[in-house]
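Report on the structure given below.
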Amino acid sequence: MKLKAPVHTSTHADSYYAATKNITTDYPQLTGDQTVDVCIVGAGFTGVATALELAERGYRVAVVEARHIGWGATGRNGGQLIRGIGDQPEQFANQIGQEGVAAIYQMGFEAVELVRERVRRYDIQCDLKMGYVDAAIKPQQLKGIFDEYEHLKQRNYAHELELLCENDLQQYVNSGRYIGGMVDMGSGHLHPLNLCLGEAQAAQQLGVQFFEQSPVVDIVKRKQPCVVTEKGRITCQFLVLAGNAYLGNLEPKIGKKVLPAGSYMIATQKLEDSLWQSLIPKDSAICDASLALDYFRLSADKRLLFGGMCNYSGRDPKDITASLRPKMLRVFPQLANTTIDYQWGGMIGIGANRMPQIGRLSSNIYYAQAYSGHGVNATHMAGRVLAEAISSQSERIDTFARISHMTFPGGRYLRSPLLALGMLWYRLKEAV
């Protein structure tokens, strides 16, 4: 059954990232009939990273995007490049074994190196800077961070780690809110939209075709799948579905396993040197260890970029600044007189078990989605895993494919409120 083309604004969100993007894309709409080796639906990090991986391997690739490259969560997120894939891979040991657990941990480390190497190889100007801090508000959180330090050491993590007491932490984040934490020099932060746009430019130079403003209305599943838009179609040997939170009902089998949830950010005015240096002296990225976490960092022009909400209700806040500014001031009361220049939000894809969903629908249809707010690195690893599977270079996709993923209950209209109730329970439990 054909779907109606979604009605959405095609321009990027009015964000700090859109205002400072290096490249303005104007790829054509898909018209007429095309034939390629691989067609990818969605031009966020997953789609673009997969396209680049495949182009490097010599495949003819086309990417079909409903709006603009990086329009969704890719161009709106916190820009934090943090080690790891999924939440506690050990919980899946009964499905993937200890070998599988170890493989996911190693891929979580590899993902960051993949991004760093790609930025170097293609000279992508995306303000990449290493240095990241996990910060604890409560003693139980601090114990969890200390346990993570020991775990990373046991896994032979290759980068500098340092545990921080409250006084030491002031060197990284000068706030009275935190009691300690850990600095990780193998993680960091960047301008996510510029990273994606730079990767797309590199992919195009390798022959990848991009089609913007081309919502997919139908997928014909057959020996050679066919992707149909209002004005054209692409026949391919392999199909990759990379729509994540924006996939909708295009493929219900996986669409029901990912929940679109709202995520929001603000950006301050440019800060004076003396002020930003007193707040985040080493220009690190910071996340606290709460379930409803705050995350923040400095932009290249020294604004504070602050995020701290994930809305499961399906309704955006009336005023993002009014919702986030008190959270920012709870961390940095020094910013009470600072202007907020940008506010924005968008949808991220949440999976019930917080592990990315990477697999096959058939022998020639692949997908990756549900990064649960940690997609900058995980999407790039997904792109590599998908490219390896399509080119028969490895079977790492089977590790992910063996993990079962729950279909959200309640149908299309009830699953968001049900999850919102569930998350409220966990937040109350954490508070107690």
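Note that the structure is a prediction, hence the values are computed from the model and not measured.
- Between the side chain of Ser394 and the backbone N or O of Arg396, at least one donor-acceptor pair lies under 3.5 Å.
- Taking each heavy atom of Asn244 and Ala370 in turn, the nearest pair found is OD1-N, 2.7 Å.
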Next item on the list: Determine, stepwise, if the pair Arg57 / Gln393 fulfils side chain to side chain donor-acceptor pair (under 3.5 Å).
Entry: CA-CA 10 Å; Arg57 291 164 170 80; Gln393 288 182 311; 2.4 Å; yes

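- The pair Arg121-Glu199 does not count as a salt bridge, with every side-chain nitrogen at least 4.0 angstrom from each carboxylate oxygen.
- Taking the ring centroids of Tyr157 and His151, they lie at or beyond the 6.0 Å cut-off.
- Atoms OG1 and CG, on Thr407 and Leu259 in that order, are 12.5 Å from each other to the nearest 0.5 Å.
- Rounding to the nearest 0.5 Å gives a distance of 11.5 Å between CG of Asp398 and CD1 of Ile403.
- Checked by atom type and distance alone, the side chain of Ser290 never pairs as donor or acceptor with a backbone atom of Ala292 at under 3.5 Å.
- One N or O on the side chain of Tyr246 and one on the backbone of Met347 form a donor-acceptor pair closer than 3.5 Å.
- In summary, the side chains of Tyr105 and Asn156 do not present any donor paired with an acceptor at a separation below 3.5 Å, with no hydrogens or angles considered.
- A donor-acceptor pair is defined here as one N or O able to donate and one able to accept, closer than 3.5 Å; such a pair exists between the side chain of Ser323 and the backbone of Asp319.
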Next item on the list: Would you check, one step at a time, whether the test side-chain contact (heavy atoms from CB on, under 4.5 Å) holds for Lys129 with Leu190?
Entry: CA-CA 6 Å; Lys129 186 176 182 66; Leu190 48 75; over 6 Å; no

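- The only option from Val258, Ile350, Ile348, Asp87 that meets the side chain to side chain contact (heavy atoms under 4.5 Å, CB included) definition with Ser372 turns out to be Ile350.
- Sorted by first and then second residue, the pairs that involve residues 148-158 and meet salt bridge (charged side-chain N to carboxylate O under 4.0 Å, His left out), not counting sequence neighbours, are Arg83-Glu148.
- His68 and Gln213 form a side-chain donor-acceptor contact under 3.5 Å, judged by distance and modelled atom types alone.
- Here the CD1-NE2 distance, from Ile82 to His189, works out to 11.0 Å after rounding to the nearest 0.5 Å.
- Counting only distance, with no hydrogens or angles, the side chain of Thr235 and the backbone of Thr35 share no donor-acceptor pair below 3.5 Å.
- Between Glu162 and Tyr172 there is a side-chain heavy-atom pair separated by less than 4.5 Å.
- Looking at Asn194, its side chain does come within 3.5 Å of a backbone N or O of Thr20 through a donor-acceptor pair.
- Checking side-chain atoms of Asp341 against main-chain N and O of Ala267 turns up no donor-acceptor pair under 3.5 Å.
- Contact of the Val48 side chain with the Thr379 side chain is not registered, since no non-hydrogen atoms from C-beta on lie closer than 4.5 Å.
- Judged purely by distance below 3.5 Å, without hydrogens or angles, the side chains of Thr46 and Tyr371 pair a donor atom with an acceptor atom.
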Notebook entry, point to check: Does the side chain to side chain donor-acceptor pair (under 3.5 Å) test come out yes or no for Glu65 and Ser214, once each step is laid out?
Noted result: CA-CA 6 Å; Glu65 166 59 40; Ser214 302; over 6 Å; no

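- A heavy-atom distance below 4.5 Å is not found between the side chains of Ile286 and Tyr295.
- Heavy atoms from other residues, nucleotides or ligands lying under 6.0 Å from CG of Asp26 number 12 at most.
- Judged by distance alone, the side chain of Asp316 and the main-chain N or O of Gly345 form no donor-acceptor pair under 3.5 Å.
- When all heavy atoms of Tyr367 and Arg360 are compared, the pair lying nearest together is CE2-N, 3.6 Å.
- In this structure, Phe45 has its ring center under 6.0 Å from that of His380.
- Looking only at side-chain heavy atoms (C-beta outward), Phe332 and Val173 come within less than 4.5 Å of each other.
- Taking CG of Leu197 as the start and SG of Cys126 as the end, the distance is 10.5 Å to the nearest 0.5 Å.
- Under 3.5 Å, the side chains of Tyr132 and Asp134 contain a donor-acceptor pair of N or O atoms.
- For Asn353 (side chain) and Ser404 (main-chain N/O), a donor-acceptor pair under 3.5 Å exists by modelled atom type.
- Remark: Asp37 engages Arg60 in a salt bridge, criterion side-chain N to carboxylate O under 4.0 Å.
- Contact between Ala242 and Gly47 at its shortest, heavy atoms only, is CB-N, 3.7 Å.
- Side chain of Glu251 to main chain of Lys253: a donor-acceptor pair is present (N/O by atom type, distance under 3.5 Å, no hydrogens or angles).
- For His191, the NE2 atom counts as densely surrounded, since its 6.0 Å shell holds more than 12 non-hydrogen atoms of other residues, nucleotides or ligands.
- Scanning both residues, Val101 and Pro89, for their nearest heavy atoms gives CG2-O, 3.6 Å.
- Side-chain contact check for Leu114 versus Val112: every heavy-atom pair is 4.5 Å or farther apart.
- In this structure, CG on Leu305 lies 9.5 Å from CD on Gln80, to the nearest 0.5 angstrom.
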Next item on the list: Carefully, step by step, assess Arg118 and Asp123 under the rule salt bridge (charged side-chain N to carboxylate O under 4.0 Å, His left out).
Entry: CA-CA 8 Å; Arg118 183 163 293 161; Asp123 191 26; over 6 Å; no

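- In this structure, Tyr17 has its ring center under 6.0 Å from that of Trp344.
- Shown here is Gln269, whose CD atom has more than 12 heavy atoms of other residues, nucleotides or ligands within 6.0 Å.
- You'll find the side chain of Leu324 reaches within 4.5 Å of the side chain of Tyr264, heavy atoms only.
- Within the 4.5 Å cutoff, no side-chain heavy atoms of Lys256 are placed close to those of His405.
- Side-chain contact check for Asp127 and Gln125: no donor-acceptor pair (N or O, by modelled atom type) lies under 3.5 Å.
- Side-chain contact of Thr31 with Gln29: a donor-acceptor pair under 3.5 Å is absent, judged by distance alone.
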Checklist line | Val61 vs Phe238, side-chain contact (heavy atoms from CB on, under 4.5 Å): CA-CA, chis, key distance, verdict | finding: CA-CA 10 Å; Val61 183; Phe238 299 96; over 6 Å; no

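- Applying the 6.0 Å contact sphere to NZ of Lys302 captures more than 12 heavy atoms from other residues, nucleotides or ligands.
- Using a 3.5 Å distance cut-off with no hydrogens or angles, the side chains of Gln369 and Gln357 do pair a donor with an acceptor.
- Looking only at side-chain heavy atoms (C-beta outward), Leu54 and Ile390 come within less than 4.5 Å of each other.
- Aromatic ring orientation, Phe306 versus Phe296: parallel (interplanar angle below 30°, classes split at 30° and 60°).
- Across all their heavy atoms, Gln209 and Gln34 have their closest contact at OE1-OE1, 3.6 Å.
- The shortest non-hydrogen separation linking Thr74 to Pro192 is O-CB, 3.3 Å.
- Stacking of Arg303 on the aromatic ring of Trp276 is not recorded, the 6.0 Å distance cut-off and the 45° axial limit not both being met.
- The structure places OG of Ser15 at 13.5 Å from CD1 of Ile266, a figure rounded to the nearest 0.5 Å.
- Using a cut-off of 4.0 Å between Lys/Arg side-chain N and Asp/Glu carboxylate O, Asp294 and Arg330 are scored as salt-bridged.
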